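All remarks here apply to the structure that follows.
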Amino acid sequence: MVQVPLGNRSYDIRIGPGLLSRIGEECAALGLNSRCAIISDSKVEPLYGRIVAKSLRKAGFAPVLITVPSGEKAKSLKNIHACYDRLAAHRLERKSFVLALGGGVVGDLAGFVAATYLRGIPFVQAPTTLLGQVDSSVGGKVGVNLKAGKNLVGAFHQPKLVLCDVDALRTLPRREFRSGLAEVIKYGIIYDGELFARLEQDMEALLRGEPQILAEVIARCCEIKAEVVAQDETESGLRAILNFGHSIGHALEAVAGYGKYLHGEAISIGQVKAADLSARVLGLAAGEVQRIQRLFEQAGLPTQLKASLPLRKKLVQAMKVDKKVSRGEVKFVLAQKIGQVQFGCTVPETMIQEVLSI
Ligand SMILES: NC(=O)c1ccc[n+]([C@@H]2O[C@H](COP(=O)([O-])OP(=O)(O)OC[C@H]3O[C@@H](n4cnc5c(N)ncnc54)[C@H](O)[C@@H]3O)[C@@H](O)[C@H]2O)c1
Ligand SMILES: [Zn+2]
């Protein structure tokens with residue numbers, strides 16, 4: 001178990017096998033109203049909707065099940081509206097709660113519904129993707145997309161509880177699982193050299209889905225994210241380190257067209273490029289750059305880009321319109337060594353162009 005220390009909004013993250021079938025008991029301990037809503041997507045609901053609803057009912061809850069389409073497009077105001085209508089029809093009250101059952105898409109959408117319905121009702125997360133378990137379910141950021149861009153409407157709303165059932169990862173498509181590993185590796189690079197070394201040792205076991213190793217690694221990632229978020233809840237400083245590899249990664253996602261690269265694939269390339277920049281700007285040792293590249297390769301993630309000149313130009317342009325820009329300068333998170341990074345680093349544009357070309 002990991003505790004997220006945020007004063008009177010502190011909450012627990014429980015990680016292990018079999019949690020979805022015990023979700024009712026876990027929620028009962030929170031002292032909430034019996035009427036509640038499960039928000040899930042069209043791929044996750046057929047797999048886990050029944051077990052979760054059954055467990056809630058057994059614990060005395062009366063859940064309504066709301067299913068949105070699977071995929072990023074579901075994170076829309078239209079679906080938010082549809083969810084509000086269902087909550088109202090089911091007469092959810094102030095002490096009712098919303099349970100997010102699915103990946104980051106469902107977590108962000110359901111969290112925004114919970115943050116805003118009746119000016120905010122309790123929220124429980126049951127993330128079913130690796131990315132959801134190590135990243136999006138921790139930190140309290142919730143929201144949806146607009147046509148103009150991703151995550152443009154949102155709020156901070158902390159969950160009351162997060163339940164990461166590692167068994168749920170068994171049905172996750174391999175490519176999605178590998179993509180989540182890119183965030184896992186990120187935590188090693190930005191915060192914990194020992195975690196990085198452990199991943200080098202245990203990558204095969206993780207790819208095989210060994211429950212014990214998975215649970216331990218996920219717990220460490222949650223702990224790191226929780227520590228960073230607790231120190232900087234509203235993203236004014238330290239939280240920036242979580243964006244290691246993301247300036248280039250986001251640019252790649254935007255330029256390639258959303259959908260070509262999964263997020264984890266784009267930030268895998270982004271982190272390898274950021275490691276290269278780190279060597280040039282902060283003197284990150286060549287051996288460490290190699291270890292970083294090798295670990296992403298071991299996880300089955302892409303690490304090469306070899307962008308042509310026109311693509312390089314588009315990528316730099318896209319980085320400039322990304323959020324992490326102040327006065328037209330792209331700020332990078334760069335590593336001094338594996339386990340330690342600095343944020344707010346400026347890098348000459350010629351140098352960015354150069355690393356993108358290799
Ligand atoms: N709030 C935050 O702090 C934060 C952080 C990172 C990412 N995000 C958001 O998270 C979203 C991405 O999340 P994601 O990668 O989990 O994507 P996702 O929610 O779209 O899930 C990926 C795919 O896997 C399917 N799926 C989920 N769990 C499954 C399971 N156990 N078995 C089989 N299929 C399963 C889903 O239906 C979907 O098709 C993005 O919208 C991103 O903006 C938010
Ligand atoms: Zn990310």
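Index from 1, following the sequence. Read the numbers this way: they start at 1 and go in the same order the structure lists the ligands and their atoms. In this text the structure is predicted, and so the values were computed from the model without any measurement.
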Within the 4.0 Å heavy-atom shell around Glu176, which atoms of ligand 1 are there? 22 (C), 23 (C)
Using a 3.5 Å distance criterion without hydrogens, assess whether the side chain of Ser268 forms a donor-acceptor pair with backbone atoms of Pro302. yes
Where is the nearest protein heavy atom to atom 37 (O) of ligand 1: which residue, which atom, and how far? Asp41 OD2, 2.7 Å
What heavy-atom pair brings Leu92 and Arg35 nearest, and what distance separates the two atoms? CG-O, 4.1 Å
To the nearest 0.5 Å, what is the distance between CD1 (Ile241) and NZ (Lys186)? 9.0 Å
Counting from 1, what ligand 1 atoms have a heavy atom of Lys225 closer than 4.0 Å? 3 (O)
Near Glu72 (heavy-atom distance under 4.0 Å), the atoms of ligand 1 are 40 (C), 41 (O)
Element-labelled atoms of ligand 1 that are located less than 4.0 Å from some non-hydrogen atom of Ala168: 30 (C), 31 (N)
Among all protein heavy atoms, pick out the one at the shortest distance from atom 24 (O) of ligand 1; state its residue, atom name and that distance to 0.1 Å. Leu172 CD1, 3.9 Å
Could you check atom 18 (P) of ligand 1 against the protein and tell me its nearest heavy-atom contact, residue, atom and distance included? Val105 CG2, 3.9 Å
Angle at the Zn ion (ligand 2) between NE2 of His263 and OE2 of Glu183, to 10°? 90°
Do any nitrogen or oxygen atoms of Gly104 come within less than 3.5 Å of a nitrogen or oxygen of ligand 1? yes
Could you list the atoms of ligand 1 found under 4.0 angstrom from a heavy atom of Tyr48? 31 (N)
Heavy-atom contacts with Asp135 under 4.0 Å: which atoms of ligand 1 show up? List them by number with element. 5 (C), 6 (C)
Steps toward salt bridge (Lys or Arg N to Asp or Glu O under 4.0 Å) verdict (Lys273, Asp276): CA-CA 5 Å; Lys273 298 300 170 197; Asp276 189 345; 5.5 Å; no
Return the option from Ala74, Gly71, Ser136 holding the heavy atom at the smallest distance from atom 8 (N) of ligand 1. Ser136
Which ligand 1 atoms does Lys43 reach within 4.0 Å, using its non-hydrogen atoms? 37 (O), 39 (O)
Mind listing the closest non-hydrogen atom pair of Val134 and Gly180 along with its distance? CG2-O, 4.4 Å
Check the pair Glu297 / Arg294 against salt bridge (Lys or Arg N to Asp or Glu O under 4.0 Å), numbers first and verdict last. CA-CA 5 Å; Glu297 282 166 1; Arg294 220 177 299 129; over 6 Å; no
Write out the residue and atom name of the closest protein heavy atom to atom 12 (C) of ligand 1, then the distance separating them to 0.1 Å. Leu131 CD2, 3.9 Å
Which of the numbered atoms in ligand 1 are below 4.0 angstrom from a heavy atom of Ser70? 37 (O), 38 (C), 39 (O)
Under 4.0 Å from atom 44 (C) of ligand 1, is there any protein heavy atom? yes
Quick one: look up the protein heavy atom nearest atom 28 (N) of ligand 1 and list residue, atom name and how far away it is. Thr128 OG1, 2.8 Å
So which heavy atom in the protein is nearest atom 16 (O) of ligand 1, and how far is it from that ligand atom? Thr129 OG1, 2.6 Å
Could you tell me whether Leu169 approaches ligand 1 through its side chain, its backbone, both or neither, with non-hydrogen atoms closer than 4.0 Å? neither
Carboxylate-amine/guanidinium proximity below 4.0 Å for Lys160 and Glu26: no
Here's a test for you: under side-chain contact (heavy atoms from CB on, under 4.5 Å), which of Leu214, Leu131, Leu199 qualifies with Val184? Leu199
When you measure from atom 9 (C) of ligand 1 to every protein heavy atom, which one gives the shortest distance, and what is it? Asp108 OD2, 3.3 Å
Does a donor on one side chain sit under 3.5 Å from an acceptor on the other, for Thr171 and Tyr48? yes
When rounded to the nearest 0.5 angstrom, what is the spacing between CZ in Phe123 and OG in Ser137? 8.5 Å
Under a 4.0 Å heavy-atom limit, does Thr171 contact ligand 1 with its side chain, its backbone, both, or neither? both
Is Tyr187 close to Asp135 at the side-chain level, that is, under 4.5 Å between some pair of heavy atoms? yes
Of Val124, Leu6, Leu161, Leu30, which is the lone residue that meets side-chain contact (heavy atoms from CB on, under 4.5 Å) with Tyr11? Leu6
Could you find the nearest protein heavy atom to atom 26 (N) of ligand 1 and give me its residue, atom name and distance? Val44 CG2, 3.7 Å
A quick test of your reading: do over 12 heavy atoms of other residues, nucleotides or ligands sit less than 6.0 Å from CZ of Arg91? no
Enter the distance from Ile66:CD1 to Ile39:CD1 here, rounded to the nearest 0.5 Å. 4.5 Å
Measuring to the Zn ion (ligand 2), does Asp135 have an N/O/S atom at a distance below 2.8 Å? no
Do Val98 and Tyr84 land in one hydrophobic cluster if side-chain heavy atoms of ILVMFWY residues count as linked below 4.5 Å? yes
Per atom 34 (N) of ligand 1, closest listed option by heavy atom (Pro173, Gly103, Pro69, Gly154): Pro173
Please classify the Val142 to ligand 1 contact at 4.0 Å (heavy-atom distances, strictly less than): side chain, backbone, both or neither. neither
